[in-house]
Protein chains: 2
Amino acid sequence: MKNLLLLAAALPAFAFAAPADDTAKLRDAALNDTLALEIVEGLTTEVGPRLAGTEAEARARNWAMKRLKALGFANVRIETFDMPVWVRGAEKAFITVPFGQELKVTALGNSGATPETGLSAEIVAFDSVDALKAADPAKVRGKIVYITHRMTRTQDGSSYGQFGAPRRAGPSLASKMGAAAIVVRSIGTDHSRSPHTGVQTWADGATPIPAGALSTVDADLLERVVARGKPVTMTLTLTPRQTGIHQSGNVIAEVLGSDPAAGIVLIGGHLDSWDLGTGAIDDGAGVAITTAAAKRIMESGRKPKRTIRLVWFGAEEVGLFGGIAYAKSHAGERHAVASESDFGADRVWRFDAALPPEAKAVTERLKLALAPLGIAKGLDVAEGGPDMGPIVTTGVSAVDLQQDGTRYFDLHHTPEDTFDKIDPVQLRQNVAAWTAMLDVLANAPENLIKSTSK
Amino acid sequence: MKNLLLLAAALPAFAFAAPADDTAKLRDAALNDTLALEIVEGLTTEVGPRLAGTEAEARARNWAMKRLKALGFANVRIETFDMPVWVRGAEKAFITVPFGQELKVTALGNSGATPETGLSAEIVAFDSVDALKAADPAKVRGKIVYITHRMTRTQDGSSYGQFGAPRRAGPSLASKMGAAAIVVRSIGTDHSRSPHTGVQTWADGATPIPAGALSTVDADLLERVVARGKPVTMTLTLTPRQTGIHQSGNVIAEVLGSDPAAGIVLIGGHLDSWDLGTGAIDDGAGVAITTAAAKRIMESGRKPKRTIRLVWFGAEEVGLFGGIAYAKSHAGERHAVASESDFGADRVWRFDAALPPEAKAVTERLKLALAPLGIAKGLDVAEGGPDMGPIVTTGVSAVDLQQDGTRYFDLHHTPEDTFDKIDPVQLRQNVAAWTAMLDVLANAPENLIKSTSK
């Protein structure tokens, strides 16, 4: 019978008679959710871009407070923290020799600045960070370094790690080698004129230099010009600046549980966004999905065993400041399990669960509850998501609902991260998956707290 | 036998034994063409944007002269003409009330200018030009008019006529009704932040006012804000200017025919492009396809009966100045048939032919020659293309190779009109279609000159 059930669980909903239990009912009702779409529509329309530590992010927090209170959550509050704030300036790039061409560029997080009138230098091009590393520093000194890559489209987003190296490691390396500036091919899978920004942090001993990303199309153009074999000169203008320490904050709301000893189910997404788009898929969708699911549990007619704590984290994009601040100020509390939604708004296709050994049955129940949505069990390793990292590394269990990232890096950190990119049907599937997961996790009679938890 | 051949002609190449004649051989060889892609790569890489009447367009003409001479064409020359030149300035738009949001905007051709510091006014929104026309002018006076539309994706591009009205007719109407400025939803089928520019001409009695297009995504955002029912204020900065009369020109090259009395086969595309992209699909592809096809006829080993005259027209985008200048200066010559490639780089799917009654057999031969490429016979009406319009209206025959425009208006007149958008396989199909058509038209023993020709 067990084997039969497992087989059946792998079949799509229409062929599978879901167990007539509360989880299934809640899950299927969530496929008609409207709240998640309303939240992401509201946030992108009424607030828009909300760079960490800026007045826009503060407006977003106020918007969130009002919305979460109106939705009836308990203990709605803002927990502030301080952080260094970097803001974008003018952004221009031109090839001047051998042909005049304008290139679309954007500064990477923490980029240094060129003079207002720009910086002109010869381009020295590499096809990887390793190639730059192997280069003679004399050939790099005073030049504008360009690094390309061949990031490929993947469902699980795994190409982001390796092919993100030019953005993450390139600027510090170029700086140490004496480059005047660096531009990288945008870390993205699109073919568009929208460059992808993203954070990078200066390594010890690396002086900030201007560091930008060209759109993939403009990177193609530069590569075609370089391929002609003549010296190529670029004039680059990037005038961002560090503005000092400012306030950010996490917005927190709860669905209170009946058993404090069972620990908290910690969920959420991040409220801040990059400044170029309106932060729909990154990560308006994440806060919207998790909020809509938490509200469904709150209104299920049954008080959950565990408290569900929903966090709209601040300052994720620029260095996980919200997740770090949360882990610090809530270190003494009992966290049962953590899970974040921060990979767009497309359907969940797999789940990974790292629960204590005694909670094996919980993973099995998750499998049954999620299979009708087309979600298969994946790994027994889970990270919880970027903002959950700091608390998860203290020994908290984690479950990851993996979203389909096939088109995520077309839009990620670009002006194109806007409301129209959200597919309402896939968004609702996310809400259903989160509702089912929350119902299982918040009510599991088994212990979810790892024995290794600090 | 005839019926059987006609049936066979409708089948794809692999199922159809092409007549073993010269046209079929030339056509099939052209499916391996590399020249068209080289031309559009070169033009977009080494010249880039080439707005009519500017120094960039002059550079493009020199590039074209050099390339066409090197390819071995006869009578390669530039025919200059004068035209008024409008150039883009700063472009910014913000919703300031009830929410602060930046919108991506671009000026429409011949737009008036706002002050350098921008112009702030309330938005008054309409869902069509007709709705604006029906409005009380008192409600429009001093406001920024917004007009939306619901342009749909079509293979033949037929939605451009009707849904282009906000751009073409909106500005003059808004001006006459006393509006301070107008922004329209971009005439496009994409969902992106790239606004679509395009020409508009002030009607008699209409004073130029600032006239811009919002990207479709930003138009969506504005519409969502307007839908909230509160007054909406926009700050718009557009500082384009008319720079007076400057020189543009047509670049002309020929494949000489053996029978001047048979008339010229006039083909080409336009060399100028809008300034936002690099003019790959509009219309680098058109000059590349027609040039590659003409070169294949030139090198076929057989001198054609008719001279093929290839024109890379100047100043199409801003008012068909090149086509008008050509028709004027070549009015006295015998033109047999005219055809332009100016609808992107995607495959030809249909052909329309308006040939004299005595050339019915020519149309039948075109049908046979094009069918193996998946091209069906369409209408007996043909326009010849935008730059051919002025000469065609004097009574010249025309054939149109209709390209698949399904994705054309995603890219049209935007920064996204770049080399990477060209599909090499579809580009080669175009070269094959043009080669086959040219071989048929240039060598037809039948008369192609209309009796109504002036």
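Quick note on labels: first sequence line is chain A, next is B, and so on, each numbered from 1.
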For A/T45 against B/Q101, the heavy-atom pair lying closest together: O-NE2, 2.9 Å
Chain B heavy atoms under 4.5 Å from A/E46: which part of the residue, side chain, backbone, both or neither?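 Looking at A/E46, backbone and side chain both touch chain B.
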Is A/S192 in contact with chain B via its backbone, its side chain, both, or neither, using a 4.5 Å heavy-atom distance?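 Both backbone and side chain.
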Does the side chain to side chain contact (heavy atoms under 4.5 Å, CB included) test come out yes or no for B/R193 and A/L276, once each step is laid out? CA-CA 11 Å; B/R193 303 294 299 276; A/L276 300 176; over 6 Å; no
If I measure from the heavy atoms of chain A, does B/E416 come under 4.5 Å with its side chain, its backbone, both, or neither? both
Taking NZ, NE, NH1 and NH2 as the nitrogens, is one of them in B/R228 or A/E41 under 4.0 Å from a carboxylate oxygen of the other?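 So B/R228 pairs with A/E41 through a salt bridge.
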Any side-chain heavy atom of B/F99 sitting closer than 4.5 Å to one from A/R59?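 When only atoms from C-beta onward are counted, A/R59 and B/F99 do not touch, as no gap falls below 4.5 Å.
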Nearest 0.5 angstrom please: A/L221 CG to B/T278 OG1, how far? 7.0 Å
Among B/I95, B/T44, B/D220, residue most engaged with chain A (heavy-atom pairs, under 4.5 Å): B/T44
